[in-house]
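In what follows, a structure is listed as structure tokens, so that the remarks can point back to it.
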There are 2 protein chains.
Amino acid sequence: MDTRTAEHICDDIEIRIVNGDLVEGKPLPAERSLMEAYGASRTVIREVITALTAKGFLRSRPRFRPIVCRPDASTAMHAAGGVIKHLLASSQNVHDLYQVRVLCERMLVRDAAVGAKREDIQRLRQALDDNEQAIDDSAQFYATDVAFHRQLYVISGNSAFPAIHQAFVEWLAPQWSQMPRSPERNRTNFLAHQAIFEAILSRDPDLAEKALISHLDSSWQFVSSTFFAEETP
Amino acid sequence: MDTRTAEHICDDIEIRIVNGDLVEGKPLPAERSLMEAYGASRTVIREVITALTAKGFLRSRPRFRPIVCRPDASTAMHAAGGVIKHLLASSQNVHDLYQVRVLCERMLVRDAAVGAKREDIQRLRQALDDNEQAIDDSAQFYATDVAFHRQLYVISGNSAFPAIHQAFVEWLAPQWSQMPRSPERNRTNFLAHQAIFEAILSRDPDLAEKALISHLDSSWQFVSSTFFAEETP
DNA sequence: TTCGATGTTTGGTATGACCATAATTGTTAG
DNA sequence: CTAACAATTATGGTCATACCAAACATCGAA
């Protein structure tokens with residue numbers, strides 16, 4: 001009765017996705033099946049599909065059946081990303097976002113210094129070693145760099161943090177990809193990672209935080225020097 | 001050429017929104033105008049509109065022209081919220097999200113203790129006073145409670161944090177609204193706020209963090225006691 | 001001037017059709 | 001019998017048209 005059948009169907013399918021009725025990874029029923037099932041026209045079914053796709057509950061390639069995505073923290077971040085990427089046209093917003101990341105990681109390293117388990121330390125050491133091995137391969141170094149920081153998020157034991165880390169990486173990637181790289185710079189970053197690791201190992205939160213701030217501030221200097229074009233009227 | 005004219009139009013309108021060509025708060029041109037402007041059928045235009053709506057670039061009521069929304073950090077959070085609300089059906093995820101909030105605020109109060117300006121302190125004191133005045137009015141107390149915490153985010157000087165705070169409040173509201181309230185409980189919370197304020201005032205980050213953790217952990221105990229139904233097969 | 005009846009605009013929905021490509025089936029050659 | 005190929009079907013992308021009801025604009029009557 002309420003003049004929007006599309007929303008009802010949209011909500012229903014949303015529910016059927018989260019409760020597992022529609023299985024993740026499997027394709028959605030054909031549009032023509034759905035219109036029969038819901039007694040609606042194809043117009044409204046297609047509207048539902050586009051809405052769910054934009055919301056992140058479906059992933060649809062041009063000529064294929066939409067694939068069901070049970071939403072997790074990662075897809076939530078991805079949904080926000082559609083807007084975020086526009087915000088990051090302003091370097092001020094890039095800086096703000098980066099500072100959010102810095103704040104998170106500061107607390108994470110403090111907590112790691114206080115409460116990291118043996119296995120956590122072990123994995124972090126492994127990530128550090130991988131990072132060192134990649135000093136001469138900038139592409140590989142970037143990957144291991146990300147992995148090292150990611151480990152800080154994993155240690156928290158909170159499943160939301162790895163997703164948050166992933167979001168930071170994706171959103172800030174455009175800026176970082178422009179960053180000049182070199183084995184010397186890589187070595188500097190590796191040493192910074194090592195300092196963070198050592199501080200965690202010695203169970204010194206203040207030192208760990210200080211090392212992390214130093215590292216990330218230095219990175220920011222490097223990155224921010226690559227964009228000087230800004231025009232906010 | 002590429003079998004998806006909708007995406008092109010979608011991207012174009014997105015750009016026209018962010019660069020101000022389409023003014024925020026004003027209604028989008030009529031569907032029939034857009035189909036003429038883009039030389040596309042109404043089907044495509046409507047698909048574009050629903051997609052942009054789900055993305056947060058438009059806000060559309062049933063029988064009204066869609067309103068243009070220049071996306072900011074707040075709408076980004078709102079876009080993610082569509083997914084988040086489903087995740088929070090699991091109390092584990094609620095806990096994880098809450099812990100993310102706790103981590104943020106721990107760092108924020110530490111920073112406030114170290115670097116809060118006089119005006120920051122003044123506004124925080126005002127928020128604390130408002131909170132105290134509202135002890136006997138649970139609805140008003142909730143509002144001032146939120147406002148007090150929000151001030152911690154504002155002090156950071158980072159425009160992203162107030163939006164993040166807003167997101168925490170919205171996402172966790174369903175749980176919080178079920179929380180039993182009383183003047184006694186309000187007073188307890190006020191005293192916790194006061195302790196945090198005092199710690200910031202005395203420039204003691206460790207004490208401030210400790211006071212905040214105590215406060216938020218206590219709140220969690222209270223809230224979590226209100227949901228004991230969970231079934232994750 | 002104000003208020004209300006009336007006609008126009010516009011969004012919501014439904015049909016039906018056509019095209020291009022993916023998926024399926026059937027056929028044939030090796 | 002199998003594998004490569006051709007024909008058929010299923011399905012998503014787009015279009016044109018039509019109708020309804022609610023919002024909007026217009027204008028005339030009180």
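Residue numbers start from 1 in every chain, and the chains themselves are labelled A, B, ... in the order their sequence lines are given, proteins ahead of strands.
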request  = Step through the shown structure and confirm whether more than 12 heavy atoms of other residues, nucleotides or ligands are within 6.0 Å of CZ on Arg101(B).
outcome  = yes
Residue Val44(A), side-chain heavy atoms: nucleotide from dT10(C), dG12(C), dA14(C) that is nearest = dA14(C)
request  = Answer with base, sugar-phosphate or nothing: what part of the nucleic acid does Arg65(A) contact at a heavy-atom distance below 4.0 Å?
outcome  = sugar-phosphate
note = From CD of Glu31(A) across to P of dG13(D) the rounded distance in Å is 6 Å
request  = With sequence neighbours left out, write down each residue that passes side chain to side chain contact (heavy atoms under 4.5 Å, CB included) with Asp72(B), or none if nothing qualifies.
outcome  = Ser74(B), Thr75(B)
note = Closest to the 5' end of DNA chain C, once Arg61(A) and Glu47(A) are matched to their nearest nucleotides, is Glu47(A)
remark   = Separation of dT13(C) atom P from His8(A) atom NE2, nearest Å, is 9 Å
ask   = Between dG13(D) atom P and Ile49(A) atom CD1, what is the distance in whole Å?
value = 8 Å
request  = Taking the six-membered ring of Phe222(A) (Phe, Tyr or Trp), confirm whether the NZ or CZ of Arg185(A) is under 6.0 Å from its centre and within 45° of its axis.
outcome  = yes
remark   = Taken to the nearest whole Å, CG/Leu34(B) to C1'/dG11(C) is 12 Å
task = Figure out the CD1/C1' separation between Ile45(A) and dT11(D), and round it to whole Å.
result = 14 Å
message = On DNA chain C, does the nearest nucleotide to Ala30(B) precede the nearest nucleotide to Gly39(A) from the 5' side, or the other way round? Give the residue.
response = Ala30(B)
key: Glu170(A): side chain to side chain contact (heavy atoms under 4.5 Å, CB included) partners, not counting sequence neighbours   = His78(A), Gln166(A)
Could you write out each protein N or O paired with an N or O of nucleotides 15-19 of chain C at a distance under 3.5 Å?
| unit_1 | atom_1 | unit_2 | atom_2 | d |
| --- | --- | --- | --- | --- |
| dA17(C) | N6 | Arg42(A) | NH1 | 3.3 |

task = Output all residues satisfying side-chain hydrogen bond (donor to acceptor under 3.5 Å, both in side chains) with His86(A), sequence neighbours left out; order by chain, then residue number.
result = Glu14(B)
inquiry  = Just the rounded figure in Å: distance from P of dT10(C) to CG of Leu28(B).
reply    = 12 Å
task = Could I get the full list of side chain to side chain contact (heavy atoms under 4.5 Å, CB included) partners for Asp12(B), not counting sequence neighbours?
result = Arg16(B), Tyr38(B)
inquiry  = Would you say Thr5(B) places a side-chain N or O within less than 4.0 Å of OP1 or OP2 belonging to dT14(D)?
reply    = yes
key: Interatomic distance, Glu36(A) CD vs dT11(D) C1' [rounded to whole Å]   = 15 Å
request  = Return the value, rounded to whole Å, for the distance between atom CZ of Arg46(B) and atom C1' of dT17(D).
outcome  = 15 Å
ask   = Of Phe64(B) and Ala6(B), whose closest DNA chain D nucleotide lies nearer the 5' terminus?
value = Ala6(B)
request  = For Arg32(B), enumerate each residue passing the side-chain hydrogen bond (donor to acceptor under 3.5 Å, both in side chains) test, keeping only those at least two apart in sequence or located in another chain.
outcome  = none
